[in-house]
Every structure is written in structure tokens, then in C-alpha cells.
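In listed order, ligands and their atoms are each counted from 1.
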Amino acid sequence: MTPKKPMNLTAFTLCIRMATELSRERTIILFAYRTQFWDELNVWRETDDRLGLFLASNSRGGVFFRLPQLGALETHVCVTWNSSSGLTAFYMDGKKSPSKIYKKGHSVQPGGRVIIGQDPDNYVDLFDAKQSFVGEISDINMWDYVLCPHTIKALYAGQRVATGNIFDWDTAELIIKGRPGRVEVVDNEHVA
Ligand code: CA
Ligand code: CA
């Protein structure tokens with residue numbers, strides 16, 4: 001996915017709608033933003049079902065949230081982060097987790113690539129099939145500020161109350177990479 005503007009961020013809201021039948025036996029990458037030297041902003045589902053946010057961090061440097069299990073029924077997940085306080089929270093189907101303090105004073109660096117469905121360990125390759133996302137993913141929207149809980153609840157309900165200023169799913173340009181037939185872009189409005 002190509003962002004609408006450079007991703008130098010001191011706050012963000014990232015939302016994703018997804019459904020997966022993958023078991024909890026392996027990690028799943030939900031969102032990867034990679035710059036030259038780092039996994040700059042990654043969201044993972046861990047093997048113990050926790051969701052983790054990683055900002056310029058390796059596998060131990062994230063902040064983890066114990067939330068209801070992701071599964072085959074569509075789930076709307078958002079994560080918000082703000083550098084000035086470090087406050088980080090996940091939302092699942094419009095409901096907010098407790099906030100945690102993570103990477104206060106940090107800023108996300110621009111100049112990387114956003115990849116959905118895989119985690120690069122280099123700029124930009126070295127993919128591990130056992131970390132891929134398998135399932136359906138949609139409504140990937142991102143803002144360079146923290147949305148209020150009321151707005152996130154409305155987004156979960158499918159109301160177009162806010163248009164992402166970094167990613168807007170309705171107008172996002174998606175470039176498919178990898179083996180043909182393994183990834184399809186489907187217009188949900190036309191699925192019978
Ligand atoms: Ca990896
Ligand atoms: Ca990686």
C-alpha cells in the first residue's frame with residue numbers, strides 16, 4: 001500500500017478489519033511498515049493470542065495486549081499511539097482496551113514501505129511463509145492522529161465518519177506481489 005503522505009508520525013490510529021482461520025500455533029503479521037534498518041511499525045498476533053505493537057523494535061521490544069481471540073468471524077481492530085504521552089490502546093469491535101505507555105517521545109520515520117500479509121526482515125524482502133497473514137483483510141485506514149473512542153466505534157459499525165489521511169481504504173491503491181492466484185482483491189459490495 002502507498003501512503004498518501006510521508007509516514008513521519010508522532011501519533012497514529014491504524015484500523016484493520018480481518019477474518020482468519022489460522023491457529024494460534026504461529027505468529028501472524030497484521031501490518032508491516034518497514035524502513036531501511038527497522039520494522040518501523042508492525043502489528044502482530046502472537047502465538048498466545050496477544051496483539052502486539054512494535055515501533056522500531058525487534059520481537060521482544062513490543063507492547064502486548066491480551067484481547068479476545070481473532071478468528072474466522074470478521075473482527076475490527078484498531079491501535080492508537082501518541083508520542084507525547086506514550087499512551088497506546090487497542091480497540092476490538094469498537095471496544096477499547098486499557099491504555100499502556102509505550103515509546104514515549106519516539107517518532108515513526110518516513111521513507112519505508114507498507115506491506116499487508118507479510119513481514120519483511122530486510123528492505124524489502126526476506127519473507128517467512130510461517131508469518132504470513134492468511135484470510136480476508138479490509139478497511140485498512142490510518143490517520144496521523146489519535147481518533148476518539150466514539151469515532152472508532154462508528155468506524156467499526158461501518159459508518160464513514162472519518163477518512164484516513166495516511167491510508168483511505170476507499171481510494172487506496174493496492175499493488176499485488178507474490179505468486180499469482182495466492183492473493184485477490186475482491187470488491188465486497190459485489191460478493192453475493
Ligand atoms: Ca520475519
Ligand atoms: Ca520483520
Side-chain angles (χ1 to χ4, degrees), residues 1-3 5-67 69-71 75 77-81 83 86 88-90 100 102-142 144 164 166-167 169 172-184:
M1 291 183 77
T2 306
K5 56 181 186 173
M7 289 177 67
N8 42 330
L9 307 172
T10 52
F12 62 82
T13 302
L14 169 66
C15 294
I16 303 172
R17 212 181 283 279
M18 73 189 89
T20 178
E21 288 188 327
L22 287 174
S23 75
R24 57 199 300 184
E25 283 157 26
R26 70 170 177 86
T27 55
I28 309 172
I29 186 73
L30 302 178
F31 183 89
Y33 171 52
R34 174 84 197 187
T35 48
Q36 194 174 356
F37 300 110
W38 296 102
D39 286 327
E40 191 74 32
L41 194 176
N42 278 16
V43 181
W44 288 89
R45 203 271 336 248
E46 301 292 315
T47 48
D48 58 5
D49 278 332
R50 290 181 305 170
L51 294 185
L53 172 69
F54 299 78
L55 297 179
S57 295
N58 63 19
S59 59
R60 285 174 295 284
V63 60
F64 301 95
F65 291 76
R66 205 167 286 287
L67 295 159
Q69 195 176 344
L70 293 178
T75 306
V77 175
C78 299
V79 55
T80 64
W81 173 79
S83 176
T88 308
F90 272 83
K100 299 186 180 186
Y102 178 61
K103 292 264 178 170
K104 186 172 174 170
H106 175 76
S107 52
V108 176
Q109 298 301 304
R113 295 273 190 82
V114 168
I115 295 176
I116 305 303
Q118 258 298 3
D119 165 56
D121 287 342
N122 203 336
Y123 190 75
V124 184
D125 53 20
L126 293 182
F127 301 114
D128 179 350
K130 290 194 178 69
Q131 295 181 321
S132 64
F133 176 85
V134 180
E136 283 189 11
I137 197 159
S138 64
D139 277 354
I140 300 164
N141 290 294
M142 191 170 186
D144 62 359
I166 300 176
F167 292 111
W169 186 250
E173 187 195 357
L174 303 172
I175 300 165
I176 297 177
K177 303 269 186 181
R179 274 190 271 172
R182 297 297 184 96
V183 180
E184 287 289 340

> Closest N/O/S atom of Asp119 to the Ca ion (ligand 1), by atom name?
Replying inline: OD2

>> Would Arg50 pass as a cation-pi partner of Phe64, given that its NZ or CZ must be under 6.0 Å from the six-membered ring centre and within 45 degrees of the axis?
In response: yes

> Would Tyr33 and Arg113 count as a side chain to side chain contact (heavy atoms under 4.5 Å, CB included) if you check the C-alpha gap in whole Å, the side-chain angles of each, and the deciding distance to 0.1 Å?
Replying inline: CA-CA 5 Å; Tyr33 171 52; Arg113 295 273 190 82; 5.7 Å; no

> Quick check: does Arg34 have an N/O/S atom under 3.0 Å of the Ca ion (ligand 2)?
Replying inline: no

> Quick one: which of Ile175, Ile115, Leu174 gives a side chain to side chain contact (heavy atoms under 4.5 Å, CB included) with Met1?
Replying inline: Leu174

>> Need one value: angle at the Ca ion (ligand 1), Asp121 atom OD2 versus Gln131 atom OE1, rounded to 10 degrees.
In response: 140°

> Are any of the side-chain nitrogens in Asp119 or Arg34 under 4.0 Å away from the carboxylate oxygens of its partner?
Replying inline: no

> Shortest non-hydrogen contact from Gly62 to Ser57?
Replying inline: N-CB, 4.5 Å

> For the Ca ion (ligand 2), what is the closest N, O or S atom on Asp39?
Replying inline: OD2

> For the Ca ion (ligand 1), does an N/O/S atom of Asp128 lie at less than 3.0 Å?
Replying inline: no

